[in-house]
*Asks:* 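Supplied in structure tokens, the structure appears directly below.
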Amino acid sequence: MRTRVAVLAGLGSALPPHVVTNDDLAARMDTSDAWIRSRTGIVERRVVAPGSATSDLAIAAGRRAMDSAGAPDIGAVVLATATPDHPCPATGPTVAAGLGLGTVPAFDVGAVCSGFLYALATGAGLIAAAVADNVLVIGADAFTTIVDPDDRTTAPIFADGAGAVVLRAGTADEPGALRETELASDGMQADLIRIPAGGSRQRSHHSTAPPEEHYLTMRGSEVFKNAVLRMTESSHTVLARTGWSTDEVDLLVGHQANVRILQAVADQLGVVRERAYVNIAHTGNTAAASIPLALDDAVREGRLNPGDKVLLTAFGAGTTWGALTLTWPDGLARPRQQAA
Ligand code: COA
């Protein structure tokens, strides 16, 4: 029996309309446009309006991905997010319902900024296990809702958005087939990026924990070093397993955490910087959304063509990381990115 392999069949993304520039941030905290640009590569970011939530972005991106795939019969929804609409239940079922997908299995994957790679692997597993023939995999986050708007160490970096792909059952030799995947974690580093309060360890409520402990905290320079190390290691591993040299990589699409991280990973791998895709200037770090958003932007800029060898890699809180190789499919309609 031939193994059922996941093949990329649709792509879409969504950003909220409201733009916050570096100057907007500098007007309310001790930072500057020059510092944020030079240290992160970020120029502006998108922020959800009060009352909007992750599922709104996820539904908009999911619909565009389904349209781009020719409206296939979706059999499961996997949503990567660290900012669910509510602590309980998962947001995946809300998204499936919002897309009119009936009673399909739908759930969340929590691997923060590596979440989209974990969700892709999960979606591919559902296809291999014949649970579904077409799986909608979404990365969506509204990180500005968990970041202290006055904290200059996190507020300039994190942003909101969503990206989605449709995976269909196919074979390993088809363009668009997901090739090799590596996923990893190190819970000894759980305190590098986290929200201290609001979970089962330090329970909810401002009465039991100070307000700042309900916001994201980050040890930025340690995260930086680990991100470079782990994304480089994982990329080497999947390239070796795929049998591709670094010279053969047409596009390296890393999690858009910081332009300096992306350049360091490219340099350490030996991928020329021109082949390391960067769109962080206008998106900021959109966590689980960043890789599919980057893929969507890269397609619209003509940077991804049928048959291209593509390397994805990510690092995030947990800590978690991973990498994945795929070839770019034929005939993927050029999706338009619109406001959610
Ligand atoms: N504006 C101005 N100055 C700032 C600042 C800001 N927004 N944030 C920090 N600084 C200051 C610090 O206070 C420090 O000042 P000091 O030298 O007087 O103590 C100085 O800038 C350097 O701080 P440092 O944290 O060492 O800077 P950095 O070069 O490491 O850059 C990050 C900070 C956060 C941009 C960087 O560490 C980073 O990108 N880390 C990874 C973040 C990330 O990707 N997170 C998500 C992973 S999924």
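Being a predicted model, the structure only gives us computed values, none of them experimental. Read the numbers this way: they start at 1 and go in the same order the structure lists the ligands and their atoms.
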*Asks:* List the residues meeting salt bridge (charged side-chain N to carboxylate O under 4.0 Å, His left out) with D267, not counting sequence neighbours, and say none if there are none.
*Replies:*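 Partners of D267 by the salt bridge (charged side-chain N to carboxylate O under 4.0 Å, His left out) criterion, ordered by chain and then number, come out as R273.
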*Asks:* State which residues pass side-chain contact (heavy atoms from CB on, under 4.5 Å) with P196; sequence neighbours excluded, sorted by chain then number.
*Replies:*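 Testing P196 for side-chain contact (heavy atoms from CB on, under 4.5 Å), a comparison that skips the adjacent residues, returns Q202, E213, T217.
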*Asks:* Quick test of your reading: applying side-chain hydrogen bond (donor to acceptor under 3.5 Å, both in side chains), list the pairs with at least one residue in residues 153-162, sequence neighbours left out, ordered by first then second residue.
*Replies:*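 Non-adjacent pairs meeting side-chain hydrogen bond (donor to acceptor under 3.5 Å, both in side chains): T144-D160, D151-T153, D151-T154.
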*Asks:* So, are D250 and R303 salt-bridged, with charged N and O less than 4.0 Å apart?
*Replies:*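 So D250 does not pair with R303 through a salt bridge.
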*Asks:* Any heavy-atom pair between the side chains of I36 and R45 that's under 4.5 Å?
*Replies:*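 Heavy-atom side-chain distance check passes, below 4.5 Å.
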*Asks:* Is the shortest side-chain N to carboxylate O distance from K225 to E222 below 4.0 Å?
*Replies:*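 So K225 does not pair with E222 through a salt bridge.
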*Asks:* Identify all pairs of nitrogen or oxygen atoms, one from ligand 1 and one from the protein, separated by less than 3.5 Å, and list them with distances.
*Replies:*
from	atom 1	to	atom 2	distance (Å)
ligand 1	1 (N)	T31	OG1	2.6
ligand 1	3 (N)	W35	NE1	3.4
ligand 1	3 (N)	R152	NH1	3.3
ligand 1	7 (N)	T31	OG1	3.1
ligand 1	7 (N)	R152	O	2.9
ligand 1	13 (O)	R152	NH2	2.9
ligand 1	29 (O)	R39	NE	3.2
ligand 1	29 (O)	R39	NH2	2.7
ligand 1	29 (O)	R260	NH2	3.3
ligand 1	37 (O)	G220	O	3.2
ligand 1	39 (O)	N258	ND2	2.6
ligand 1	40 (N)	G220	O	2.9

